[in-house]
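Sharing a structure with you now.
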Amino acid sequence: MTDFFAQNGPAWLAAVARRISRRAFDSREVDAEKLDALDAVCKGFRPHPDARTVLVREPAVDVFSGILGSYGKVTGTRHVLLFIGAGVAPARDNHVGYTGEAAILEATALGLNTCWIGGFFSPARTARVVELAPDERVLAVSPVGHAFGQLTLTERGMRGLSGAHERIAVARMAPGSVKGGWPQWAVAAVETARLAPSAMNRQPWRFRFDAGALVIARDNPSETPKVTKRLDCGIAMLHAELGARASGADGAWRELSTGLDLARYVTTRRS
C-alpha cells in the first residue's frame, strides 16, 4: 500500500477539503480515462482481505432507494461504487470504511462527485450488479459522476438535516491534543480526520496519544443497525493516516480489541 500513498496520497489529502456529498447528478457519462483511474484504485488498494470496493460502470438497475419516498433519493447517476465486506470479524466494517474512502477521495481528485450511502440502498438490487462470495455483503454504496453545479433544494435540506457543515470541537474529539505535548504529525492526523464524512455527520471517532502512537476509538458502545460506527471510524482512519504521512510520519494501523479502542497508528518513519 506504500506505493498508493506515495503516488496518490497528496491528491487524496487535497481532496479531503474539497469533498462534499452530492445526490443529484446531471446524467453525463464520465470519461473512460477517469473511470479507468478510479477502477485501478478500487482493484489495487486492498489493504485488508475482508474489504473491497467495486466500480460498476453501467449498473443494470437502480440500487438506490429514497427516504420518505423520493426525498433524499440519488438521481441521474450512471456509475456506482459498492463497498463490500466479507466474514463477520468486528474489524471488517472499519476495513470497509478505510478501503472505500480511498476510492471516494480518488474520485474527488478526478473531479467527480460521490456520496457515502449506508442505509438507503437496495441490497437485493446490488446483488444483481456485482458477484458476491457467499460470505460477502454490500455494506454501503456511492453514486459516481458529475453533480449539478449548485446544490438542489433536496440536497440543501439533507445537509441541513444532518448538520453537514458542523464539526465537533478538537477538544472533544482529541482532548489531549489541545493541551500540547502531542507531536505535530499526530495533531495533523486529528485535524485531517475531523473532516471525514460519517452517517448523519455523527463523527463517532475519538483520539488519544498513547506510548508514541495515535489511538482511535468509538465514542460510546451504542450502535446502529444500518451503518456501524466502525465503518465511520474506518473512513476517519484513512484521513488520519493521510495527515500523518503528509507530516512525515509514515506508519500503519495496528488493530486493538479492548473496549471502544479500534486501532493504533504506529509510525515507522518520521522526517
Charged N to carboxylate O under 4.0 angstrom, Asp50 versus Arg92?
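Arg92 and Asp50: not salt-bridged.
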Report the distance from atom CZ of Phe148 to atom CZ of Arg23, rounding to the nearest 0.5 Å.
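These two atoms lie 15.5 Å from each other.
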Can you find a heavy atom in the side chain of Glu29 that is under 4.5 Å from one in the side chain of Arg57?
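They are not in contact (no side-chain heavy atoms under 4.5 Å apart), so the answer is no.
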Could you give the distance from OG1 (Thr53) to NZ (Lys43), rounded to the nearest 0.5 Å?
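It is 12.5 Å, given to the nearest 0.5 Å.
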Do Phe83 and Ser142 come within less than 4.5 Å of each other through their side chains, counting heavy atoms only?
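Counting from C-beta outward, Phe83 and Ser142 do come under 4.5 Å.
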Measure the spacing between CD1 of Ile235 and CG of Leu195 and express it to the nearest 0.5 Å.
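Between atom CD1 of Ile235 and atom CG of Leu195 there are 13.0 Å.
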Checking Asp26 against His146: is there a side-chain donor and acceptor pair closer than 3.5 Å?
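Absent: no donor and acceptor within the cut-off.
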Is any side-chain N of the basic residue among Asp261 and Arg208 closer than 4.0 Å to the acidic one's carboxylate O?
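Arg208 and Asp261: salt-bridged.
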Give a yes or no on whether the backbone of Met237 and the side-chain of Trp253 come within a donor-acceptor separation of less than 3.5 Å.
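Pair found, side chain donor or acceptor close to backbone of Met237.
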Say whether, by atom type as modelled, one donor and one acceptor occur between the side chain of Thr77 and the main chain of Val144 under 3.5 angstrom.
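Between the backbone of Val144 and the side chain of Thr77 there is a qualifying donor-acceptor contact (under 3.5 Å).
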Do Glu106 and Phe45 have side chains that approach each other closer than 4.5 Å (heavy atoms only, starting at C-beta)?
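When only atoms from C-beta onward are counted, Phe45 and Glu106 do not touch, as no gap falls below 4.5 Å.
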Answer whether the closest heavy-atom distance between the side chains of Pro90 and Arg230 falls below 4.5 Å.
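Touching, per the 4.5 Å side-chain cut-off.
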What verdict does the salt bridge (Lys or Arg N to Asp or Glu O under 4.0 Å) test give for Arg172 and Asp219, after you've listed the backbone C-alpha separation in whole Å, the side-chain angles of each residue and the deciding distance to 0.1 Å?
CA-CA 10 Å; Arg172 178 182 167 197; Asp219 58 349; 5.5 Å; no
Is there a donor-acceptor pair closer than 3.5 Å between any side-chain N or O of Glu255 and the backbone N or O of Ala91?
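No; judged by distance alone, with no hydrogens or angles, the pair does not exist.
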In the single-linkage hydrophobic clustering (I, L, V, M, F, W, Y; side-chain heavy atoms under 4.5 Å), do Val63 and Leu38 co-cluster?
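No, no single cluster joins them.
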Once salt bridge (charged side-chain N to carboxylate O under 4.0 Å, His left out) is applied, do any residues pair with Arg18, and if so which ones, sequence neighbours excluded?
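By the salt bridge (charged side-chain N to carboxylate O under 4.0 Å, His left out) rule, Arg18 matches no residue at all.
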For Glu58, I'd like to know if atom CD has over 12 heavy atoms of other residues, nucleotides or ligands within 6.0 Å.
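Yes, enclosed.
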Do side-chain atoms of Arg245 reach the backbone of Gly9 as a donor and acceptor pair under 3.5 angstrom?
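Side chain of Arg245 to backbone of Gly9: no pair is present.
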Verify whether one side chain among Ser247 and Gln184 offers a donor that lies under 3.5 Å from an acceptor in the other.
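Yes, side-chain donor-acceptor contact under 3.5 Å.
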Counting C-beta onward and ignoring hydrogens, is there a side-chain heavy-atom pair between Trp205 and Arg218 closer than 4.5 Å?
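Counting from C-beta outward, Trp205 and Arg218 never come under 4.5 Å.
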Asn113: side-chain contact (heavy atoms from CB on, under 4.5 Å) partners, not counting sequence neighbours:
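Checked Asn113 against side-chain contact (heavy atoms from CB on, under 4.5 Å); matches are Arg22, Phe25, Ala147.
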Give a yes or no on whether the ring-centroid distance for Trp182 and Phe207 is below 6.0 angstrom.
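Not close enough - the centres of the two rings lie 6.0 Å or further apart.
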So Lys229 and Asp93, side-chain contact (heavy atoms from CB on, under 4.5 Å) or not? Walk me through it.
CA-CA 8 Å; Lys229 290 180 179 179; Asp93 288 20; over 6 Å; no
Return yes if some donor-acceptor pair links the side-chain N/O of Gln203 with the main-chain N/O of Asn201 below 3.5 Å, else return no.
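At least one qualifying donor-acceptor pair exists.
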Within the 4.5 Å heavy-atom criterion, are Phe209 and Ser177 side-chain neighbours or not?
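A side-chain contact under 4.5 Å is absent here.
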Using atom types as modelled and distance alone, determine if a side-chain donor or acceptor of Glu136 lies under 3.5 Å from a backbone N or O of Ala133.
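Answer holds: yes.
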Polar side chain donor-acceptor pair, Glu101 to Trp12, under 3.5 angstrom:
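Their side chains do not contain a donor-acceptor pair, so the 3.5 Å distance test is not met.
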Roughly how far, to the nearest 0.5 Å, is CG of Leu262 from CD1 of Ile216?
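Rounded to the nearest 0.5 Å, the CD1-CG separation comes out at 6.0 Å.
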So do the side chains of Leu214 and Arg264 get within less than 4.5 Å of each other, counting heavy atoms only?
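No. Closest side-chain heavy atoms not under 4.5 Å.
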Does some side-chain heavy atom of Leu139 sit less than 4.5 Å from a side-chain heavy atom of Leu231?
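In contact.
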